[in-house]
Amino acid sequence: MASVSVQEDDFDIGEEIQKLRNGRTDVGAVVTFTGTVRDVGGTLQSMTLEHYPGMTEAELERISLEAEQRWPLQGSRVIHRYGTLEPGDNIVLVVTLSKHRHAAFDAAMFLMDFLKSNAPFWKKEQTGETASWVDARETDETALKRWQD
Amino acid sequence: MASVSVQEDDFDIGEEIQKLRNGRTDVGAVVTFTGTVRDVGGTLQSMTLEHYPGMTEAELERISLEAEQRWPLQGSRVIHRYGTLEPGDNIVLVVTLSKHRHAAFDAAMFLMDFLKSNAPFWKKEQTGETASWVDARETDETALKRWQD
Amino acid sequence: MIIKYFSWIREGVGKNEEDIGLPDGVSTVSNLLDHLCEKSAEHSRVLKERVFVRVAVNQTHVDHDHPVTDGDEVAIFPPVTGG
Amino acid sequence: MIIKYFSWIREGVGKNEEDIGLPDGVSTVSNLLDHLCEKSAEHSRVLKERVFVRVAVNQTHVDHDHPVTDGDEVAIFPPVTGG
């Protein structure tokens, strides 16, 4: 049921939900998370995502299977883009299906927390003449800890 | 920024996200929750949602404003349908926008927990010859308690 | 005051709403529910188990000790099940 | 063994990957990082602060005390920042 893609192309959220549901009528809750390129200061030109082909897919699959073992999901989907993106562009999509909303929400948060700390992606921001690698956030490591009980 | 609708018509998730974002490039996280008519036993023919016109909109607005006071949201949208729906049909949509994923997730969960216990909707299920009102779930009351600290 | 009924309480009472004057001695939701239970067997059947009865006064959820006054819109319904 | 570099570690080392034989005395990730630091000033500059150095062996995240053997695919990179 877990399905992951690492791709340069954009995705369509409605289409991804529809493919994942696939006409099923026993689903009660659909949660999506979309991460987008955020330009806080109004100076970001582009963001380039580098990744580790092979390991990226393996990590996303491992995390998805872990989520499906922890929660009664009826399906999950993870799409992560790489390459050069512009402010407002989609970066990542997580979709979870479950009978109940709490399982769908928790699994989507878990997927994002693990993806943020374990999926081998690195962001480089281009601002004016300057290109700089984005620093890892300690809060992402903290976010992981709540799943370790 | 809070926007609520109570309507018979279906909604399009992608379109609602796009309208809410409205071309902004400072959004980092988009969370959606969609609740759908669930036919667990394969016997449900339809579900009819009754509501309290006037109070429904007022409650959804009150809950949305409360969410926007609690979390740094860049927008929120709640759509709840009424009338007769079939298995697999959309019932409710919640969309939250924020710079950070935890705010977007928490606000969407809060909106759903409060909506489930406070928005004046009642579901009646039609199964074969029998129509019966859905019982309130105690877990929904429990879910509310975690926001009271 | 306008009394509105919803869901199986509406079906049990057999009407969507009724317009009544504020009865003597009624100053709270609880008093009002007692009064309504005396109106008919249908009212009594769906309103006597107070644990299943939720009330909104002027479109705001209230407890059963909330005051009611003439001119209020009082809605009576079972626990909500939307979402 | 194949060593792959990513992000600013890749830029600092100046290459995407290099193929080296398992050096004498190297049996753990930590040994390997020590060895690489001796290869060039470029390697040393980006690898010496171990707190910023993450490693995967055969595409799995590992600690610095994890064993390495010839034939392993070892990837060296800073903390990840996807999502």
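The figures that follow rest on heavy atoms only: side chains count, while hydrogens, waters and symmetry mates do not. Below, chain A is the first sequence line, B the second, and so on; all start at residue 1.
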Task: Any donor-acceptor N/O pair, A:T36 side chain to B:V27 backbone, under 3.5 Å - done: yes
Open item on the list: Please check if the number of heavy atoms outside A:Q18 that lie under 6.0 Å from its CD is greater than 12.
Closed with: no
TODO: Inspect the surroundings of CD in B:Q7 and state if more than 12 heavy atoms from other residues, nucleotides or ligands are less than 6.0 Å away.
DONE: yes
Part of [X] lying under 4.5 Å from any heavy atom of chain B:
| X | value |
| --- | --- |
| A:A104 | neither |
| A:D12 | neither |
| A:V37 | backbone |
| A:I91 | neither |
| A:K99 | both |

TODO: Find the one option among A:T96, A:I13, A:V94, A:T25 whose heavy-atom pairs under 4.5 Å with chain B are most numerous.
DONE: A:T25
- [ ] For each of A:A108, A:G23, A:G14, A:G41, tally heavy-atom pairs with chain B at distances under 4.5 Å, and name the one with the top tally.
- [x] A:A108
Task: Passing candidate, side chain to side chain contact (heavy atoms under 4.5 Å, CB included) with B:F33, options A:V31, A:V30, A:T32 - done: A:V31
Task: Approximate separation, where rounding is to 0.5 Å, of B:R38 CZ and A:H100 NE2 - done: 5.0 Å
Open item on the list: As an exercise, state the distance from CG of A:D39 to CZ of B:R24, rounded to the nearest 0.5 Å.
Closed with: 12.0 Å
TODO: Classify the ring geometry between A:F105 and B:F105 as parallel (under 30°), tilted (30 to 60°) or perpendicular (over 60°).
DONE: perpendicular
Open item on the list: Under the rule for side-chain hydrogen bond (donor to acceptor under 3.5 Å, both in side chains), what residues qualify as partners of B:N90, not counting sequence neighbours?
Closed with: B:D10
Open item on the list: Is B:D113 in contact with chain A via its backbone, its side chain, both, or neither, using a 4.5 Å heavy-atom distance?
Closed with: both
TODO: Output yes when A:R101 and B:D140 qualify as a salt bridge under the 4.0 Å nitrogen-oxygen rule, no when they do not.
DONE: yes
Open item on the list: With a strict 4.5 Å heavy-atom criterion, list every residue of residues 42-52 of chain A that contacts chain B, or say none.
Closed with: none
TODO: Start with the C-alpha gap between B:H102 and A:M109, add the side-chain angles, then the distance that decides, and say whether side chain to side chain contact (heavy atoms under 4.5 Å, CB included) holds.
DONE: CA-CA 8 Å; B:H102 292 124; A:M109 286 190 292; 5.5 Å; no
